[in-house]
S.K.: 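Shown below is the structure under consideration.
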Amino acid sequence: MHKGEMNHKLDEDSIREFLQMSAEEEMVPQSLQPACMKEWLKQQRDNGKEEPMGRRDINSNQDMTDNHKKPKKHIGWLYTTFAAAACLAVALFAAGKYMKSDTGSDTASDTLHSDMTDSDMAAESNQGEANEFKEGTTYASLYRSFDKYWTEQEERYKESYLESKTETAVDDAAADAAASDGTAGGTEYADDAADVFDKVSADVSDVETGESTEAGAGETAEEENYGKTNQQEETVEEADIIKNDGRYLYRVSGNKQNDYKQTVRIVDTEGGLKEVAQVGSFENVQDMYVWKDKLAVIEPGWATGSETGAETGGEDEIWESGYAYSKIYVYDISDRANPQEYHTFTVKGSYMSSRISEGYLYFFASCDTQRPQKEDDLRAYVPILDGKPVAEEKITFPGGSKAASYLVMASVDMEQPDKFTDTRALVTSADRFYVSPGNIYVADTQYISYEEEGQKSDSTTLYRYSYKDGKMRKEAKGTVKGTLRDDMAMNEYQGYLRLVTTVESQNITKIIDDISGEFLGYDDMEVRTTNSLYVLDADLTTVGRIEDLAEDESVYSARFMGNTGYFVTFRETDPLFSVDLSNPREPKILGELKISGFSEYLHFYADNLLLGIGMEADEETGITDCLKLSMFDISNPADVKEKSKLELKEYDYSEALYNYKAVLIDTKKNLFGFTMEDYEENKFVYTLFKFENGEFCKVMEIDCSDFERYRYGVRGTYIGERFFLLADNGLVEEYSLADGSKVAVLEP
């Protein structure tokens, strides 16, 4: 997100809109649906069980800006009293998947391991663990497991619902509920969602397949002189919002015919700049691929079912329930000027990530569950792909798992993308992925739970699936202490998985009232933060480790190359660690370089160089100052040196800090670039650099501060000696890499 977008205020209407959006982003348990909540409120009022609670200031929410206005104390219509509170219940329901309750009950984010002790780690390394990771289950088993979670969550958020209301809101909501009792629509989730998904899936249509030619066959090295998506593994393709095939540029941009829609704009760069096609009309494109003569577009969506509530204040309020889904559109673009839709896939679940490896698209989504009206209504709690539930034998339910959501995995043959090649589902709340040229690694973060006394630490549960020719196979499961900073913190080499984690340990103690002796709960004492490096074999058993590194610091970036690993931790200074991994069972720290600031992104450059993109910071306080480039000499991993440093004092923010795909980089061409911003001065630029004669040099800098012209999401790429700047409104500008002059412009 562009930093300038965060500078806003919320008034009454925008708060209302925020709550509505929160409600629309989550599937709501049946007992939290409006009709049920109204009836429950009525019962609570009649039974005299409601207790007035103090008002909660919305400004206490740390996720919102300090400029937010307080809501009015009384708004005399149903939306604020009932709908807002119900939306809050939904927002809390969503938060419950990632947080612990005060009583220490597990939520959906908690799978097999909520915290780790040394004995836990030893047990986890045993081969017997594999017995708890069997592929195949039954829908009945899934239903029974999820039922416990649904019941627990419904009760918890009913309590949260009561606690969040003021006495006035309780009275008004109860009175309105009593007055409008029976007026809410009777459409239930299961039937509604099934109808909507049928409609979504019905939109999937095949078109006649055109003959696909292999673009790139016989190309010379000169013809391949163009910018590619920055990705973790050289042979594993990653999706992005721009693509470049050496002649045509592809950019997700606004649709000229409809400002609220998006399209993929195809621009021919031969003989100038010319738009040759706009592909599709989408609500929101998240990613795309160009593979040979196929274009794959990934669009997330929300399928809704509606219940019409009471009409108050002259407005008919709609409560929308439903679920997230994803679409994969595949187009034949052998004729770039006349793209043809080839096939569209539909997946129930929120899109998370994807890869293309050896001609197969591997797609990952997170699918939440919902209590159905009947147990045999599989659509509510089983992943659905192209209208069909994932088969029982392809669902993995790890032993002891308390998750109520799935990781859905699907593969598509890009040569003939007319059906799924394979589908798999894993009951987990995992949200990180690393795909090597043969394996898919899935990471599920397990935070510390407050259930019993003792020394505890957070952990990460790992799953490995092998893949070949589009077929995926469950292979192993393991656990390490700590949590991963990002996907780059994992790497596979010669059959071993190497990863670095930040470990937070706490001593959990019981709190007892001194007078009454009553148990009040648990508290965390002696919080300690360290960092670890682990090496795991093919069974995901830990065979090598280095622990207790850089106390009170956290991992900020990591990169592995062959038998050497590098990672950065930070608090006030930036220790860059180098690790010898030549013996996987005995990894050794080779060196530790301490410098000011930190590197958020590391990239291996030419001639034993390691590029770092990050922030400069005060060595005493750790307060960040400006963007910084560092070039490290790693010719001797035991004695790494900062060969050169460039402080970009005018700029304090860049998308490159958190999204490596936003970095255009070609080490053979000695060229890299990204956007930078000075938030206070409202200055926004795209800058290209090279590293020459031991120093960073600016190749060109393009001022993109004119928001009306460039909007947000500015990206760069190149073909030969031509550089192209692409904005998300469809603007394309061409520059000469030789002298920086503007050559051509294609207006939106």
Side-chain angles (χ1 to χ4, degrees), residues 230 232 432 434 460 482-491 498-504 529-534 546-581 587-605 608-648 652-660 662-663 665 672 674 691 696:
N230 188 16
Q232 190 171 3
R432 295 202 181 282
Y434 162 59
T460 298
T483 61
L484 297 161
R485 169 75 173 189
D486 53 30
D487 301 345
M488 288 286 186
M490 294 183 278
N491 173 261
R498 299 91 62 87
L499 65 161
V500 291
T501 67
T502 295
V503 183
E504 182 174 291
T529 301
T530 60
N531 301 276
S532 299
L533 179 142
Y534 297 102
I546 305 175
E547 297 180 308
D548 296 326
L549 293 168
E551 187 169 1
D552 295 328
E553 298 184 357
S554 300
V555 172
Y556 267 60
S557 57
R559 211 66 195 254
F560 298 86
M561 181 171 66
N563 286 320
T564 309
Y566 300 88
F567 63 97
V568 170
T569 62
F570 176 74
R571 185 176 182 185
E572 283 87 20
T573 58
D574 168 3
L576 171 62
F577 290 92
S578 53
V579 186
D580 178 9
L581 297 164
K588 296 178 181 179
I589 296 292
L590 293 174
E592 178 182 347
L593 173 65
K594 289 192 175 182
I595 56 175
S596 60
F598 57 88
S599 297
E600 285 268 17
Y601 176 67
L602 297 173
H603 195 104
F604 291 109
Y605 219 71
N608 292 316
L609 298 176
L610 178 65
L611 170 66
I613 301 175
M615 299 289 292
E616 183 58 284
D618 186 281
E619 292 190 47
E620 298 296 326
T621 65
I623 297 175
T624 57
D625 180 28
C626 63
L627 291 173
K628 179 184 74 168
L629 301 179
S630 296
M631 191 64 80
F632 301 101
D633 180 352
I634 56 173
S635 55
N636 180 3
D639 186 23
V640 175
K641 293 181 172 60
E642 188 175 36
K643 185 180 182 69
S644 181
K645 177 176 74 172
L646 176 62
E647 294 182 16
L648 301 160
D652 57 11
Y653 180 79
S654 174
E655 185 184 358
L657 297 178
Y658 67 88
N659 180 11
Y660 59 84
V663 181
I665 187 162
F672 67 96
F674 51 90
F691 189 74
F696 291 103

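Source: prediction; values computed, not measured.
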S.K.: Between CZ of Phe604 and CG of Leu609, what distance do you get to the nearest 0.5 Å?
M.R.: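 CG of Leu609 is found 11.5 Å from CZ of Phe604.
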
S.K.: Looking at Ser596 and Ala617, what are the two nearest heavy atoms and their distance?
M.R.: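 Minimum heavy-atom separation between Ser596 and Ala617: CB-O, 3.7 Å.
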
S.K.: Roughly how far apart are Ser630 OG and Ile595 CD1, rounded to 0.5 Å?
M.R.: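 The distance works out to 4.5 Å.
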
S.K.: Which residues satisfy the side-chain hydrogen bond (donor to acceptor under 3.5 Å, both in side chains) test with Glu600, sequence neighbours excluded?
M.R.: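 Testing Glu600 for side-chain hydrogen bond (donor to acceptor under 3.5 Å, both in side chains), a comparison that skips the adjacent residues, returns Arg485.
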
S.K.: Would you call Val640 and Leu576 a side-chain contact if the rule is heavy atoms closer than 4.5 Å?
M.R.: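 Heavy-atom side-chain distance check passes, below 4.5 Å.
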
S.K.: Please name all residues satisfying salt bridge (Lys or Arg N to Asp or Glu O under 4.0 Å) with Glu551, sequence neighbours left out, ordered by chain then number.
M.R.: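 Only Arg528 meet the salt bridge (Lys or Arg N to Asp or Glu O under 4.0 Å) criterion with Glu551.
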
S.K.: List in chain and number order the residues that pass side chain to side chain contact (heavy atoms under 4.5 Å, CB included) with Glu592, two or more places apart in sequence or in another chain; answer none if no residue qualifies.
M.R.: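 Scan of Glu592 (side chain to side chain contact (heavy atoms under 4.5 Å, CB included), adjacent residues dropped) gives Pro575, Phe577, Lys594.
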
S.K.: Going by the rule salt bridge (Lys or Arg N to Asp or Glu O under 4.0 Å), which residues pair with Lys588 if we only count those two or more places apart in sequence or in a different chain?
M.R.: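 Lys588 satisfies salt bridge (Lys or Arg N to Asp or Glu O under 4.0 Å) with no residue once adjacent residues are dropped.
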
S.K.: Mind checking the CE-OG1 spacing from Met490 to Thr460? Nearest 0.5 Å is all I need.
M.R.: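 One finds 8.5 Å between CE of Met490 and OG1 of Thr460.
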
S.K.: Under the criterion side chain to side chain contact (heavy atoms under 4.5 Å, CB included), I'd like the reasoning laid out for Leu611 against Phe696: C-alpha separation, chi angles, the key distance, then a yes or no.
M.R.: CA-CA 11 Å; Leu611 170 66; Phe696 291 103; 3.7 Å; yes

S.K.: Taking the side chain as every heavy atom from C-beta outward, state whether Tyr605 and Ile665 have any atom pair closer than 4.5 Å.
M.R.: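 In contact.
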
S.K.: Would you please name every residue forming a side-chain hydrogen bond (donor to acceptor under 3.5 Å, both in side chains) with Asn230, sequence neighbours left out?
M.R.: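 Partners of Asn230 under the side-chain hydrogen bond (donor to acceptor under 3.5 Å, both in side chains) test: Tyr601.
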
S.K.: Going by salt bridge (Lys or Arg N to Asp or Glu O under 4.0 Å), name the residues that satisfy it together with Asp625, two or more places apart in sequence or in a different chain.
M.R.: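 Partners of Asp625 under the salt bridge (Lys or Arg N to Asp or Glu O under 4.0 Å) test: none.
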
S.K.: Do Thr502 and Asn531 get their side chains close enough for a donor-acceptor pair, meaning under 3.5 Å?
M.R.: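 The criterion, which ignores hydrogens and geometry beyond distance, is satisfied for Asn531 and Thr502.
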
S.K.: Is there a donor-acceptor pair closer than 3.5 Å between any side-chain N or O of Ser532 and the backbone N or O of Thr501?
M.R.: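 A pair under 3.5 Å: no.
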
S.K.: For Thr530, check side-chain hydrogen bond (donor to acceptor under 3.5 Å, both in side chains) against everything at least two apart and list the hits.
M.R.: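 Listed in chain order: nothing, the list is empty.
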
S.K.: Can you find a heavy atom in the side chain of Leu484 that is under 4.5 Å from one in the side chain of Leu499?
M.R.: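 Side chain of Leu484 against side chain of Leu499, heavy atoms only: contact under 4.5 Å found.
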
S.K.: Do Lys628 and Leu646 have side-chain heavy atoms sitting under 4.5 Å apart?
M.R.: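 With C-beta onward as the side chain, the pair stays apart.
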
S.K.: Just wondering, do Cys626 and Leu648 contact through their side chains at under 4.5 Å, heavy atoms?
M.R.: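 Leu648 vs Cys626: side chains apart.
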
S.K.: How about Phe691 and Lys643: do any of their side-chain heavy atoms sit closer than 4.5 Å?
M.R.: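 Yes; the side chains approach each other to less than 4.5 Å.
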
S.K.: Rounded to the nearest 0.5 Å, what's the gap from CZ on Arg432 to CG on Asp487? Could you check?
M.R.: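 Result: 6.0 Å between the selected atoms.
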
S.K.: Looking at residues at least two apart in the chain, or sitting in another chain, which of them share a side-chain hydrogen bond (donor to acceptor under 3.5 Å, both in side chains) with Asp580?
M.R.: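 Only Ser582 meet the side-chain hydrogen bond (donor to acceptor under 3.5 Å, both in side chains) criterion with Asp580.
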
S.K.: Got a sec, which residues hit side chain to side chain contact (heavy atoms under 4.5 Å, CB included) with Ser557, two or more places apart in sequence or on another chain?
M.R.: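 Once residues adjacent in sequence are excluded, the partners of Ser557 under the side chain to side chain contact (heavy atoms under 4.5 Å, CB included) criterion are Val568, Ser599, Leu602.
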
S.K.: For the CG atom of Leu533 and the CZ atom of Phe567, what is their distance to the nearest 0.5 Å?
M.R.: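 Nearest 0.5 Å value for the CG-CZ distance: 6.0 Å.
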
S.K.: Could you check whether atom NZ of Lys645 has more than 12 heavy atoms from other residues, nucleotides or ligands sitting under 6.0 Å from it?
M.R.: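 Yes, NZ of Lys645 has more than 12 neighbouring heavy atoms, counting only those of other groups under 6.0 Å.
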
S.K.: Start with the C-alpha gap between Leu627 and Asp652, add the side-chain angles, then the distance that decides, and say whether side chain to side chain contact (heavy atoms under 4.5 Å, CB included) holds.
M.R.: CA-CA 5 Å; Leu627 291 173; Asp652 57 11; 5.8 Å; no

S.K.: What closest approach, in Å, do Ala662 and Phe674 show between heavy atoms, and which atom pair accounts for it?
M.R.: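 Scanning both residues completely, I find the closest heavy atoms to be O-CB, 4.0 Å.
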
S.K.: Do Met561 and Ile634 have side chains that approach each other closer than 4.5 Å (heavy atoms only, starting at C-beta)?
M.R.: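 Of all side-chain heavy-atom pairs linking Ile634 with Met561, at least one is under 4.5 Å.
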
S.K.: Quick check: closest heavy atoms across Leu581 and Gly565, and the distance to 0.1 Å?
M.R.: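 Where Leu581 meets Gly565 most closely, the heavy atoms are CD1-N, 3.9 Å.
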
S.K.: Report the residues that fulfil side chain to side chain contact (heavy atoms under 4.5 Å, CB included) with Asn491, sequence neighbours left out, ordered by chain and then residue number.
M.R.: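 So Asn491 forms a side chain to side chain contact (heavy atoms under 4.5 Å, CB included) with Glu233, Tyr434, Tyr493, Arg498, Phe560.
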
S.K.: With Glu642, which residues qualify under salt bridge (Lys or Arg N to Asp or Glu O under 4.0 Å), at least two apart?
M.R.: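 Partners of Glu642 under the salt bridge (Lys or Arg N to Asp or Glu O under 4.0 Å) test: none.
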
S.K.: Report yes if the side chains of Ile589 and Leu549 come closer than 4.5 Å at any heavy-atom pair, otherwise no.
M.R.: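 They are in side-chain contact.
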
